[in-house]
There are 2 protein chains.
Amino acid sequence: MSEASLHRRIRAEISERILSGAWPPGHRVPAEHELMAEYGCSRMTVNKALAPLAEQGLIVRRRKAGSFVARPRIHSVVLDIPDIAAEVSTRGEPYGYELLSRTVRIATAQEAAELGLDGPAQVLALRCLHRASGRPFALEERLINLDAAPEAADADFAATPPGGWLLGHVPWTEAEHRISAANVQKPVAATLGIAPTAACLVLERRTWRGDDRITHVRLTFPGEAYDLVARFAPRGEAA
Amino acid sequence: MSEASLHRRIRAEISERILSGAWPPGHRVPAEHELMAEYGCSRMTVNKALAPLAEQGLIVRRRKAGSFVARPRIHSVVLDIPDIAAEVSTRGEPYGYELLSRTVRIATAQEAAELGLDGPAQVLALRCLHRASGRPFALEERLINLDAAPEAADADFAATPPGGWLLGHVPWTEAEHRISAANVQKPVAATLGIAPTAACLVLERRTWRGDDRITHVRLTFPGEAYDLVARFAPRGEAA
DNA sequence: GCGCCAATTATGTCTATACAATAATGAGGC
DNA sequence: GCCTCATTATTGTATAGACATAATTGGCGC
């Protein structure tokens, strides 16, 4: 850490002062010239330190006026949504996977809506159960748009969970995640081995490649099984 | 977009090729010399384009070997956790706020545990109800460590929701968020006006300034009231 | 062949300089 | 006093060169 390059050090020191509150929002950050003098380096180096801070939104830079600490408005948080197998393993529990059903068909109206398709399209519908120490950990209901990802038709999802396979085989450019709580319907409760009144955490993810819809997946976690945890400092900065 | 600076353009073009899958994980990114030639610019400019890609984790750079497209391991997602008042307003519903209770006391053992305190400490305990169009929207149960944020004792939380006030008055350096689903206990269900079996989304947040615990807040949203939505591209890049 | 060392290559960092763009500031004219 | 314009401070971008650092590669000795 202390051996980092100078521009990283400058960035870290300024970042620290902002995050600690020593420099409150609106406070003026020393001009590039002043930092040049303070650190005894060239302006390019100072610039290389400040430019990423501006890109992160930690500071706002205005020509002629100077640089100022930005006021953080929203809580922006980085959530790591892990691979389920990895998540279970890091808990030290044995991971189990089971393919409940696999169907190739023309998407029903509801499925088309979930995937966000305009017209009829061939989809691969999968239902999988993830287990931790034998207990049901999550139910995965997935639709894959075979027009966008035809290679998925030949993959063997009896052995491999589709999440990891897709990550490795089908590139994507955008994703939307939706996190909610729900009381599941009786058949789902039965599959998960929980009471029908039990609250479940539902994580839905849609992914795109350009304008093509690739997949829609709904992961249902029994209430006690899972927390999503995000540890974080104000903006983007990877700790 | 087309008027962007050259290093941004180079970065965008490489980024696009990676995200579109044209350059799959492991693919070699042209060396700085080659990009220099391709774009007719200096190496510094190429470097300024590539360095942030490496920092984002989109590419991996190895001296002598070259730069390679990284394989995206985890789904990392940026969640905006909005101010509740703002969230309700953007839905076009009138926002209502009510302070249910306010107590200053020495933290109970359980409260100390939730805040993560070692010894006894004076805390401000608040229970607030947020409404959208009159209907209960979220229950806020908050503990504020008065040792770390003594000015909170004098704030008037009967009129101002504590979330916004704290954001504006007490700087923090770190936060932990925890998202889960739960069946709430009867009194909470009554306050929220829902059936005791209804699933609720529970968002807990702890914030620190350095080593000092500042606040712990639990927001309970009735299942149907709220979804957390995150829209995203692979890593950190703000769209 | 095998292992070690040196040459090579690619990235990492920094400097000094240059010119462009932008917007606050102050001076002058009315 | 107020508007306008030139000045100037500050950031934005880019160049060319230099040296540092790391790791692969090829060659040399054995």
Side-chain angles (χ1 to χ4, degrees), chain A residues 1-18 23 25-71 235-238, chain B residues 1-18 23 25-71 235-238:
Chain A
M1 265 298 168
S2 58
E3 264 305 341
S5 58
L6 184 51
H7 72 259
R8 281 168 205 277
R9 200 185 115 212
I10 298 175
R11 211 198 305 181
E13 291 190 12
I14 291 174
S15 191
E16 199 280 329
R17 280 188 264 233
I18 294 173
W23 289 354
H27 183 272
R28 184 186 175 131
V29 177
E32 297 194 349
H33 276 107
E34 304 174 64
L35 291 170
M36 259 175 86
E38 182 178 341
Y39 288 97
C41 65
S42 74
R43 198 165 75 86
M44 266 304 298
T45 304
V46 172
N47 188 273
K48 216 173 174 183
L50 295 185
L53 291 179
E55 231 161 300
Q56 280 179 29
L58 215 63
I59 65 174
V60 172
R61 316 196 73 189
R62 293 207 328 273
R63 281 175 165 125
K64 160 72 189 176
S67 304
F68 302 87
V69 177
R71 40 199 80 238
R235 290 211 195 213
E237 184 98 14
Chain B
M1 265 295 169
S2 57
E3 262 307 339
S5 58
L6 182 53
H7 72 257
R8 280 169 205 277
R9 200 185 116 211
I10 299 175
R11 210 201 305 184
E13 290 189 12
I14 290 174
S15 191
E16 199 281 328
R17 281 189 265 233
I18 294 173
W23 289 353
H27 182 273
R28 185 185 174 135
V29 177
E32 297 194 350
H33 276 108
E34 305 173 64
L35 291 170
M36 258 175 85
E38 183 179 339
Y39 289 96
C41 64
S42 74
R43 197 164 77 86
M44 265 303 298
T45 304
V46 171
N47 189 274
K48 216 173 173 183
L50 295 186
L53 291 178
E55 231 161 300
Q56 278 178 30
L58 216 63
I59 64 174
V60 172
R61 316 195 72 188
R62 294 207 328 273
R63 282 177 164 125
K64 159 72 189 176
S67 304
F68 303 87
V69 177
R71 40 199 81 236
R235 290 216 193 207
E237 184 98 17

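Chain A is the first sequence line, chain B the second, and so forth, proteins listed ahead of strands; every chain is numbered from 1. None of the values given here were measured: they were computed from a predicted structure.
The CG atom of B:Leu53 sits 9.0 Å away from the OG atom of B:Ser67 when rounded to the nearest 0.5 Å. Rounding to the nearest 0.5 angstrom, the gap separating the NE2 atom in A:His7 from the CG atom in A:Leu50 is 11.0 Å.
The nearest whole Å value for the distance from the OH atom in A:Tyr39 to the P atom in C:dT13 is 17 Å. Rounded to whole Å, the distance from CZ on A:Arg43 to P on D:dT11 is 8 Å. Atom-to-atom, CD of A:Glu32 to P of D:dA9 comes out at 15 Å; the value is rounded to the nearest Å. The distance between atom CZ of B:Phe68 and atom P of C:dT11, rounded to the nearest whole Å, is 9 Å. Rounded to whole Å, the distance from CZ on A:Arg11 to C1' on C:dT13 is 13 Å. Rounded to an integer number of Å, the gap from B:Leu35 CG to C:dT11 C1' is 13 Å. The distance from atom CZ of A:Arg61 to atom P of D:dT10 is 12 Å, rounded to the nearest whole Å. B:Asn47 places its CG atom 8 Å from the C1' atom of C:dT11, with the value rounded to the nearest Å.
Residue side chain A:Arg63 reaches the base of C:dA21 through a donor-acceptor N/O pair under 3.5 Å, judged by distance alone.
Under the 3.5 Å distance criterion, with hydrogens and angles disregarded, no donor-acceptor pair is assigned to the side chains of B:Glu34 and B:Tyr39.
Proximity of A:His33 to the phosphate of D:dA9: no side-chain N or O atom is located under 4.0 Å from OP1 or OP2. Not one side-chain nitrogen or oxygen of A:Ser42 sits closer than 4.0 Å to the OP1 or OP2 atom of C:dC14. The shortest distance between the side-chain N/O atoms of B:Arg8 and the OP1/OP2 oxygens of D:dT13 is below 4.0 Å. In this structure, B:Arg62 does not reach the C:dA10 phosphate: none of its side-chain N or O atoms is under 4.0 Å from OP1 or OP2. Considering only side-chain N and O atoms, A:Thr45 lies under 4.0 angstrom from the phosphate OP1 or OP2 of C:dT15.
Ionic pairing of B:Arg61 and B:Glu32 is present here: one or more N-O contacts between side-chain nitrogen and carboxylate oxygen are shorter than 4.0 angstrom.
With distances taken from any side-chain atom of B:Arg28 to the nucleotides C:dA10, C:dA23, D:dT13, the minimum falls on C:dA10. For B:Ser67, counting side-chain heavy atoms from C-beta on, the closest listed nucleotide (C:dT11, D:dT15, D:dA22) is C:dT11.
B:Leu50 comes within contact range of no nucleotide atom at all, as no heavy-atom separation falls under 4.0 Å.
Under a cut-off of 6.0 angstrom, the local environment of NE2 in A:His27 is crowded, with over 12 non-hydrogen atoms contributed by other residues, nucleotides or ligands.
Along DNA chain C, the nucleotide nearest to B:Met44 and the one nearest to B:Pro30 differ in position, and the one closer to the 5' end is contacted by B:Pro30.
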